[in-house]
Structure formats: structure tokens, C-alpha cells
Amino acid sequence: MPELPEVEVTKQGIAPFLEGKIIDKIVVHQPQLRWIVPDDVQLACQHKINSVTRRAKYLFINTDVGALVMHLGMSGKMRVVDSNLPRKKHDHIEIELQTGKKLVFNDARRFGSCLWQSPTQPPLKILRSLGPEPLTDEFDENVLFRRSRGKLSPVKTFIMSNEVVVGVGNIYANESLFLSGIDPRRAAGKVSLKRYKLLTENIKQVLAKAIEQGGTTLKDFAQADGNPGYFAQHLLVYGRAGDECEVCQSPIRSVVIGQRNTFYCVKCQK
DNA sequence: ATTGACTCCTGATGGC
DNA sequence: TGCCATCAGGAGTCAA
């Protein structure tokens with residue numbers, strides 16, 4: 001269930017082991033992932049990794065000849081271990097480095113991806129219509145306000161849409177709407193600029209806080225089962241149907257919005 | 001143009 | 001204890 005913070009922490013965790021290192025070999029054990037072109041991926045072999053970057057929930061392993069574009073899907077995990085360590089269940093891709101270490105992509109549910117972006121080709125289709133990064137200044141209340149005018153769809157669906165802003169998944173959408181006192185079912189076009197300002201701030205804050213907490217687990221990437229996990233984050237509404245709201249003690253209710261489980265406080269959120 | 005249903009997959013969970 | 005059935009969920013695809 002990696003959301004943006006988990007992907008960012010993964011990036012920070014693996015980058016020191018990869019940057020400046022040469023890829024020796026890429027072994028794809030399981031090509032039945034969401035998207036993968038195993039032959040293209042091989043183009044990275046024998047090239048130096050210049051950097052590891054992130055855009056939305058995609059991780060880029062950049063070389064002079066192109067980039068491996070990886071997505072963790074629902075259950076994807078990365079870890080860096082000694083090359084001679086045996087594979088574990090659901091280890092689908094192994095990227096071996098000349099340093100004697102390897103980056104292992106493990107993904108039980110196989111919603112993850114590994115694509116190749118050549119610098120001479122147009123951007124991959126999946127990268128073309130991405131909205132602003134939530135933690136940059138490009139993402140502000142004006143973006144949400146302008147793009148939402150006239151929209152009848154729920155504000156929760158709206159902020160989870162990648163064309164509006166990237167990286168706000170189900171958990172943090174629920175949490176940031178709670179912190180902003182906005183009913184997730186409210187039509188996106190009926191939310192005021194003032195409330196979008198609050199929502200924008202809360203989205204930034206909740207994501208930044210999760211990244212910060214994840215930073216304390218960075219060392220795990222060098223261990224046998226690298227696991228950024230969900231850290232120990234305290235969730236106020238997500239997964240708490242029937243519990244009392246910590247602010248007003250009213251019950252937390254759950255409903256389905258856009259095929260996604262949604263949690264909100266009946267009293268705090270209007 | 002928008003919106004909603006459906007799809008991929010496995011592990012966790014609950015009922016019996 | 002085991003055996004279903006159900007559900008979760010990112011994000012693209014397809015149909016309405």
C-alpha cells in the first residue's frame with residue numbers, strides 16, 4: 001500500500017547504494033507484473049546510475065542511456081542486499097550492481113511495474129498527464145479551486161485524481177479531509193477557496209510528517225527485508241469505522257466513494 | 001467530457 | 001483446523 005511517503009522513503013533508502021554504481025545484470029524472474037518490458041529493461045546493464053529520483057509514485061533509476069521507471073503498486077517493496085543472498089518469495093526483479101550488492105523488487109500482489117524511458121523517446125504515456133507534486137509550491141489552493149469549479153464529483157475523488165495532484169492516496173486523502181473538516185462526499189466544485197487552502201496545507205503536512213517518520217526507518221533498507229512499511233503513523237479516521245472521533249467523540253463512519261473505502265467524522269466534517 | 005464499473009493479484013480476515 | 005468467500009487497493013481501460 002505504498003503511498004507517496006513510502007515511495008519517497010524508499011528512494012532515500014536505496015539511493016546511497018545505487019548512485020554512482022554500475023549495473024551488472026538485471027534478472028526478471030516474474031514478468032507478469034502490471035507493466036514490464038523485460039528486453040527494454042536490459043538496456044540499463046553496464047551503465048552507471050547517475051541518480052535515483054521520484055515523480056508521483058514512480059521511482060526513476062537514471063542512467064545516461066535512459067531510466068528504469070518503477071512503481072511499487074500495492075504491495076511492492078525494495079531492498080538492497082548482498083548479491084549472493086538467495087531470493088525470497090515474490091522477489092520478481094533483481095538488479096545486480098558491480099559493488100556486490102543487488103536491488104531486489106518484491107511484490108506479492110504484482111501490481112507493480114518496471115518500464116524503460118529512453119531520453120530520445122517521448123515520455124511514457126503514464127507520465128504525461130501527471131499533476132503537480134504535492135510538496136512543491138506548484139501545488140496550492142488555487143490549483144484545487146480552479147480545477148474543481150463546476151465539478152459535482154466528491155472532493156475526495158477529486159484530490160485523489162492524478163491529473164489534479166499526484167500522490168494523494170486513499171489513506172492520506174481521508175486523513176487530510178478530516179484535518180480540514182471537509183466532508184469527503186461534498187462536491188469538489190462546492191468547496192470554497194478558503195477551505196481548499198486549509199486542505200492544501202493539511203495534505204502537505206500529513207505527507208511531510210509521514211516522510212519524516214519514515215526517515216527513521218531508513219536503515220531497514222540495508223537489512224534482509226527492507227520494509228519502509230507504514231511506520232508508526234497515527235491515523236485519525238482511516239480504518240477506524242465505529243471508533244470515537246478523537247476530537248468530538250462522535251462515531252467515525254465509513255462509506256464507499258468511487259469504489260474506495262472512506263472514513264469521516266459525522267460531526268467534524270461538513 | 002465525465003463518471004462509474006471493472007481489472008490485475010495475493011494475503012489477511014471472518015464465517016462456518 | 002481447514003476451507004471458502006470477501007476485501008483491500010493504484011491506476012488504466014472500457015462502457016455508459
Side-chain angles (χ1 to χ4, degrees), chain A residues 1-11 28-38 54-60 69-78 87-93 104-115 117 122-134 144 146-177 184-190 203 207 210 225 227-230 233 235 237-243 252 254-263:
Chain A
M1 282 165 247
E3 293 216 22
L4 187 139
E6 288 77 19
V7 180
E8 175 62 27
V9 169
T10 296
K11 185 200 85 178
V28 177
H29 299 285
Q30 171 57 277
Q32 303 275 116
L33 300 176
R34 181 109 156 85
W35 306 295
I36 182 169
V37 186
R54 179 188 63 73
R55 170 75 174 110
K57 293 177 187 166
Y58 297 96
L59 284 173
F60 290 72
V69 182
M70 307 186 75
H71 195 291
L72 300 176
M74 276 297 307
S75 55
K77 291 182 177 74
M78 303 260 199
R87 276 171 68 207
K88 296 190 173 191
K89 197 176 179 185
H90 305 306
D91 282 350
H92 303 317
I93 304 175
V104 183
F105 176 67
N106 178 291
D107 184 10
R109 295 186 195 175
R110 290 200 256 139
F111 281 21
S113 309
C114 184
L115 292 170
Q117 174 70 68
L124 296 171
K125 208 166 144 193
I126 50 171
L127 303 174
R128 276 178 217 160
S129 53
L130 297 175
E133 287 287 327
L144 294 184
R146 256 188 287 117
R147 295 204 57 155
S148 62
R149 290 311 87 185
K151 282 218 187 301
L152 296 173
S153 50
V155 60
K156 177 169 179 255
T157 308
F158 177 68
I159 59 168
M160 288 181 69
S161 164
N162 270 341
E163 306 97 66
V164 175
V165 56
V166 300
V168 180
N170 199 32
I171 294 174
Y172 297 118
N174 277 293
E175 295 296 305
S176 55
L177 284 165
R185 298 166 300 177
R186 175 176 286 272
K190 294 275 172 79
I203 288 172
L207 292 176
D225 59 344
N227 178 26
Y230 267 103
Q233 189 150 33
L235 301 176
V237 286
Y238 183 81
R240 303 187 61 145
D243 288 4
I252 303 297
S254 74
V255 290
V256 173
I257 298 177
Q259 287 83 246
R260 290 287 171 269
N261 217 341
T262 302
F263 302 87

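Labels below follow one simple rule: chain letters A, B, ... track the order of the sequence lines, proteins then strands, and each chain is numbered from 1.
At the heavy-atom level, A:Q259 lies under 4.0 Å from base atoms of the strands shown.
We find that CZ of A:F111 is positioned 12 Å from C1' of C:dC7, with the value rounded to whole Å. When the C1' atom of C:dA8 is taken as reference, atom CG of A:L72 falls 17 Å away, rounded to whole Å. Rounded to a whole Å, the CZ atom of A:R260 is 14 Å from the P atom of C:dC7. Between the CG atom of A:L115 and the P atom of C:dA11 there is a distance of 13 Å, rounded to whole Å.
Under the 4.0 Å criterion applied to side-chain N and carboxylate O atoms, A:E133 and A:R54 are assigned as salt-bridge partners.
Defined by atom type and a distance below 3.5 Å, a donor-acceptor pair is present between the side-chain atoms of A:H29 and A:R87.
When the side-chain nitrogen and oxygen atoms of A:H71 are compared with OP1 and OP2 of C:dA11, one or more of them lie within a distance under 4.0 Å.
Checked by atom type and distance alone, the side chain of A:Q30 pairs as donor or acceptor with a backbone atom of A:Q32 at under 3.5 Å. In terms of modelled atom types and a separation under 3.5 Å, the side chain of A:H92 and the main chain of A:D107 share a donor-acceptor contact.
In 5' to 3' order, the nucleotides of DNA chain B bounding all contacts with chain A (an atom under 4.0 Å from a heavy atom) are B:dT3 to B:dG11.
Each of A:V256 and A:K57 lies near DNA chain C, and the nucleotide nearest A:V256 is the one positioned closer to the 5' end.
What you find for A:Q117 and A:V69 is that their closest heavy atoms are CB-CG2, 3.8 Å.
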Name the pairs: protein N/O against N/O of nucleotides 12-16 of chain C, kept only if under 3.5 Å.
from	atom 1	to	atom 2	distance (Å)
C:dG12	O4'	A:R34	NH2	3.1

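Taken to the nearest 0.5 Å, the CZ atom of A:R110 stands 11.5 Å off from the CD1 atom of A:I36. Taken to the nearest 0.5 Å, the CG atom of A:L72 stands 10.0 Å off from the NZ atom of A:K57. Of the inter-residue distances, the one linking A:L177 atom CG with A:I203 atom CD1 reads 7.0 Å to the nearest 0.5 angstrom.
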